[in-house]
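The block underneath contains the structure these notes are about, expressed in structure tokens.
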Amino acid sequence: MNSKTEKLLATLPIPTTDGVFMAHYSARGLAGLVFPSAHNQNKSSIATKTLVSAQGRRWHAVATKALNRALTGRVPKSLPPLDLSSGTAFQQRVWNALCRIASGETRSYTEIATAIGQRTAARAVGGACGANPVPVFVPCHRVLAANLRLGGFSGGLDWKRKLLAREGIRFSK
DNA sequence: AAGTATCCATTTA
DNA sequence: TAAATGGATACTT
């Protein structure tokens, strides 16, 4: 973790056909996205709603639309600004590399490692992927292990399979 | 198809 | 600081 993490301004729900995601916003943009869970399904977030700035509402509108598009296998027309300042330098390099993977494409952990100039750091790349605060938009799910094996996924392998399937990506095992 | 050795940033003790 | 821990890989049975 990082001590100079940007303070969160609001947490808003994003309803989708797959459940209610939770979006965390900082002053810089979307700083976190959480998969639906029993925890946030019932949780009322109405309290924070009235505190959101006009800019925050705008970001949230964009994020909501983008997430719903992404979950239905379409490419989002536009994304809200992402605040990845909470990550270490290494993690930000990895996340940045992930954002360059086009929808429908995949890379291996080694390829990402090579892309950021550390061919042997595949394992560390895996760690950075797991630390990704904004899944889906930062496409950590498009990273497969060597030979297109599935590998792992912090947010649950079911999600990884589902996201890949909706982008028309094929993988083995 | 399993085991083993080595990889590297982060976390935890 | 040192040891443990992952969304790994490549090499060796």
Side-chain angles (χ1 to χ4, degrees), chain A residues 1-8 11 14 16-24 26 28-41 63 66-76 79-80 82-173:
Chain A
M1 287 295 214
N2 197 336
S3 52
K4 74 168 189 71
T5 300
E6 199 68 25
K7 183 166 70 170
L8 298 180
T11 297
I14 298 183
T16 74
T17 55
D18 292 287
V20 181
F21 283 67
M22 286 309 231
H24 298 109
S26 74
R28 299 182 187 180
L30 179 63
L33 187 63
V34 185
F35 285 108
S37 69
H39 181 275
N40 59 36
Q41 281 294 357
L67 181 58
N68 275 288
R69 281 187 87 88
L71 290 179
T72 53
R74 292 176 298 171
V75 182
L79 296 176
L82 302 181
D83 178 10
L84 303 179
S85 64
S86 66
T88 64
F90 177 82
Q91 291 170 336
Q92 292 188 38
R93 262 183 284 147
V94 172
W95 298 337
N96 196 56
L98 297 187
C99 290
R100 293 202 292 274
I101 307 176
S103 176
E105 290 183 16
T106 66
R107 296 289 133 82
S108 70
Y109 292 96
T110 298
E111 282 171 326
I112 296 298
T114 301
I116 63 174
Q118 297 189 37
R119 357 177 340 104
T120 63
R123 200 158 189 171
V125 167
C129 290
N132 167 24
V134 191
V136 185
F137 291 154
V138 175
C140 47
H141 58 279
R142 296 192 191 128
V143 186
L144 302 178
N147 296 12
L148 296 184
R149 280 179 324 233
L150 197 47
F153 195 66
S154 305
L157 280 177
D158 292 340
W159 273 109
K160 187 167 185 174
R161 274 190 275 267
K162 183 178 291 188
L163 291 170
L164 291 172
R166 291 188 182 169
E167 291 185 5
I169 295 174
R170 290 207 310 247
F171 48 89
S172 61
K173 196 170 99 173

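In what follows, every chain begins at residue 1, and chains take the letters A, B, ... in the order their sequences are listed.
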Map every base of DNA chain B to its dot-bracket character, where paired means a Watson-Crick or G-U wobble contact with both distances under 3.5 Å and | marks a partner outside the strand.
||||||.||||||

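Here the nucleotide nearest the side chain of A:Val143, chosen from B:dC7, B:dA9, C:dG7, is C:dG7.
Under the 3.5 Å distance criterion, the side-chain polar atoms of A:Asn147 are left unmatched by any main-chain donor or acceptor of A:Arg149. Proximity of a side-chain donor or acceptor of A:Gln92 to a complementary backbone N or O of A:Gly87 within less than 3.5 Å is detected.
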Please tabulate, one pair per line, all N/O donor-acceptor pairs under 3.5 Å involving side-chain atoms of residues 111-129 of chain A, not counting sequence neighbours.
| unit_1 | atom_1 | unit_2 | atom_2 | d |
| --- | --- | --- | --- | --- |
| A:Glu111 | OE1 | A:Ser108 | N | 2.7 |
| A:Thr114 | OG1 | A:Thr110 | O | 2.9 |

Throw together a table of side-chain donor-acceptor distances under 3.5 angstrom for residues 155-164 of chain A, partners on residues two or more places apart or in other chains.
| unit_1 | atom_1 | unit_2 | atom_2 | d |
| --- | --- | --- | --- | --- |
| A:Asp158 | OD1 | A:Arg161 | NH2 | 3.3 |
| A:Lys160 | NZ | A:Tyr109 | OH | 3.4 |
| A:Lys160 | NZ | A:Val143 | O | 2.9 |
| A:Lys160 | NZ | A:Leu150 | O | 2.8 |
| A:Lys160 | NZ | A:Gly152 | O | 3.1 |
| A:Lys162 | NZ | A:Asp18 | OD1 | 3.3 |

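A distance of 10.5 Å separates NE2 of A:His141 from OG1 of A:Thr106, quoted to the nearest 0.5 Å. Interatomic distance, CZ of A:Arg142 versus OG of A:Ser103, reported as 4.5 Å (0.5 Å rounding). Separating the SG atom in A:Cys99 from the CG atom in A:Leu79 is a distance of 8.5 Å, to the nearest 0.5 Å.
Comparing C:dT5 with B:dC7, their C1' atoms are spaced 13 Å from each other, to the whole Å. The same atom, C1', is picked in C:dG6 and in B:dT6; the two are 15 Å apart, to the nearest Å.
B:dC7 atom P lies 17 Å from atom CD1 of A:Ile116, rounded to whole Å. Rounded to whole angstrom, the span from the CD atom of A:Gln91 across to the C1' atom of B:dC8 amounts to 12 Å. A:Trp95 places its CH2 atom 15 Å from the P atom of B:dA9, with the value rounded to the nearest Å. Here B:dC7 presents its P atom at 13 Å from CZ of A:Arg119, a figure rounded to the nearest Å.
Between A:Phe35 and A:Phe153, the ring-plane angle classifies as perpendicular under the 30° and 60° cut-offs.
Contact annotation: the side chain of A:Leu98 approaches that of A:Pro139 to within less than 4.5 Å [non-hydrogen atoms, C-beta and beyond].
When the side-chain nitrogen and oxygen atoms of A:Gln118 are compared with OP1 and OP2 of B:dA9, one or more of them lie within a distance under 4.0 Å.
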Assign a letter to each nucleotide of nucleotides 8-13 of chain C from its 5' end: B, base within under 4.0 Å of a protein heavy atom; S, sugar-phosphate only; -, no contact.
BS----

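A:Val136 approaches A:Leu67 most closely through the heavy-atom pair CG1-CD1, 3.9 Å.
With sequence neighbours left out, the side chain to side chain donor-acceptor pair (under 3.5 Å) criterion links A:Arg74 to A:Thr72.
Residues from residues 158-169 of chain A with heavy atoms under 4.0 angstrom of DNA chain B: there are none.
The residue A:Gly130 sits close to a base: some heavy atom pair falls under 4.0 Å.
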